[in-house]
Amino acid sequence: MSHFFIEKQPADGLLTIDGSEANHIINARRAQIGEEIKLFDKNAKCYNALIVSLSKRKVNVEIVSEYVYENTFPVQLNLVQALVKSKKWDLILQTSMELGLQTLTPMTCDYVAAGINTAGRKERWSKVLLAAAKQSERPYLLNVQETQTFTNVLEQKNSQILIAHTAPNIPSMHSVLKELALDKPLVVVIGPEGGFSEKEVEKARQQNIKFFSLGKQILRAETATAAIIANVHFYFS
Ligand code: SAM
């Protein structure tokens, strides 16, 4: 069944859809009166709805049933990712959304290239997330938090923080996860293209934060994102 995102909630079991989603239903999908469609708000609420009338720019539907989507990701994971250039960041958003991550936090740190910032990028991020949500049939958008510094991230006391690091002799992700008493939300930190500075590594060590390795190969930041989300999902399922 085709699915579309809605901006407002139905009232008394009825809803009028307009704007780009109406255009999509009418002109791209060429839906017909009497057809059943799925509607997602962006916060995991889903509706099965029947098209009762169509005009050039509006679609009127009757709600048949509703339910709340349950995310099947097995733990609460906040992925803290050092900022990378725009196209790579788009890929990180898409991958995270498709793999079911709930929370992503952009991070600045010593080797985040000068000139990479989030100013003016949030609207674009929403579009990328919406497209990825549609593609993967997820009825919600990944929660992208405000950007934090590496220092701020380490200060989160009510979280279990782990850092993905490429230095030699770091224990594997699997062995680190095995030793976790997961009584707090999990925060996994991924570094920028240039990795972490010695100062940052030292600061984390002083705070007894655990590092883990994904193997000897150095992965691009966006590949590390996919590997980490998939590994956490697999490990805790
Ligand atoms: N030259 C950098 C270095 O040596 O750290 C490469 C950084 S890598 C492109 C970007 C980030 O992805 C790293 O900071 C780390 O968080 C993560 N990463 C990539 N490969 C990894 C691996 N094999 N194990 C753990 N983390 C990895």
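Counting starts at 1 for both ligands and their atoms, in listed order. What you see is a predicted model, and the numbers here were worked out from it, not measured in a lab.
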*Could you tell me which atoms of ligand 1, counted from 1 in the order shown, lie closer than 4.0 angstrom to a heavy atom of Leu219?*
8 (S), 9 (C), 19 (C), 20 (N)
*In the protein, which heavy atom is nearest to atom 6 (C) of ligand 1, and how far is it?*
Glu193 O, 3.4 Å
*Before signing off on this row, confirm whether Ala221 and ligand 1 have an N or O atom pair separated by under 3.5 Å.*
no
*asked:* Under the ring pair (Phe, Tyr, Trp, His ring centres under 6.0 Å) definition, can you give me all pairs with a residue in residues 101-133, not counting sequence neighbours?
replied: Trp89-Trp125
Enumerate, atom names and distances included, each donor-acceptor pair closer than 3.5 Å involving a side-chain atom of residues 221-230, sequence neighbours excluded.
{"unit_1": "Glu222", "atom_1": "OE2", "unit_2": "Arg220", "atom_2": "NH1", "d": "3.4"}
{"unit_1": "Thr225", "atom_1": "OG1", "unit_2": "Gln81", "atom_2": "OE1", "d": "2.7"}
{"unit_1": "Thr225", "atom_1": "OG1", "unit_2": "Gln81", "atom_2": "NE2", "d": "3.4"}
{"unit_1": "Thr225", "atom_1": "OG1", "unit_2": "Ala221", "atom_2": "O", "d": "3.0"}

*asked:* With respect to Ala164, determine whether any N or O atom, backbone or side chain, lies less than 3.5 Å from an N or O atom of ligand 1.
replied: yes
*Which heavy atom of the protein is the closest neighbour of atom 24 (N) of ligand 1, given with residue, atom name and distance?*
Leu214 N, 2.8 Å
*Under 6.0 Å between ring centres, would you say that holds for His165 and Phe212?*
no
*Close N or O approach (Thr166, ligand 1; < 3.5 Å)*: yes
*Does a side-chain heavy-atom distance below 4.5 Å link Met97 with Tyr140?*
yes
*Check ligand 1 against His165 and write out every atom of the ligand that is under 4.0 Å from a heavy-atom position of the residue.*
24 (N), 25 (C), 26 (N)
*Is there a nitrogen or oxygen of Ile218 sitting under 3.5 Å from a nitrogen or oxygen of ligand 1?*
no
_Arg30 with Glu35: basic N within carboxylate O range, under 4.0 Å_ = no
*So is there a nitrogen or oxygen of Gly195 less than 3.5 Å from a nitrogen or oxygen in ligand 1?*
no
*Using a strict cut-off of 4.0 Å, indicate which atoms of ligand 1 neighbour a heavy atom of Phe212.*
25 (C)
*asked:* Would the distance check show the side chain of Arg57 and the main-chain N or O of Asp18 forming a donor-acceptor pair, the cut-off being under 3.5 Å?
replied: no
*Can a donor-acceptor pair be found between the side chains of Asn152 and Thr149 at a distance below 3.5 Å?*
yes
*Should Gln217 be counted as touching ligand 1, given the test is an N or O pair under 3.5 Å?*
yes
*asked:* When you measure from the heavy atoms of Ala167 to every atom of ligand 1, does any distance fall below 4.0 Å?
replied: no
*Atoms of ligand 1 less than 4.0 Å from Gly215 heavy atoms?*
22 (C), 23 (N)
*Counting heavy atoms not belonging to Lys184, are there more than 12 under 6.0 Å from its NZ?*
yes
*Is the distance between the ring centroids of Phe150 and Phe196 less than 6.0 Å?*
yes
_Protein heavy atom at shortest distance from atom 17 (C) of ligand 1_ = Ala224 CB, 3.8 Å
_Electrostatic pair Glu146:Lys122 at N-O distance under 4.0 angstrom_ = yes
*Between Asn48 and Glu36, do the side chains contain an N or O donor and an N or O acceptor separated by less than 3.5 Å?*
no
*Closest protein heavy atom to atom 14 (O) of ligand 1, given as residue, atom name and distance to 0.1 Å*: Gly191 CA, 3.3 Å
*What protein heavy atom is closest to atom 10 (C) of ligand 1, reported as residue, atom name and distance in Å?*
Pro192 O, 3.1 Å
*Could you tell me whether Val189 and ligand 1 have an N or O pair separated by under 3.5 Å?*
no
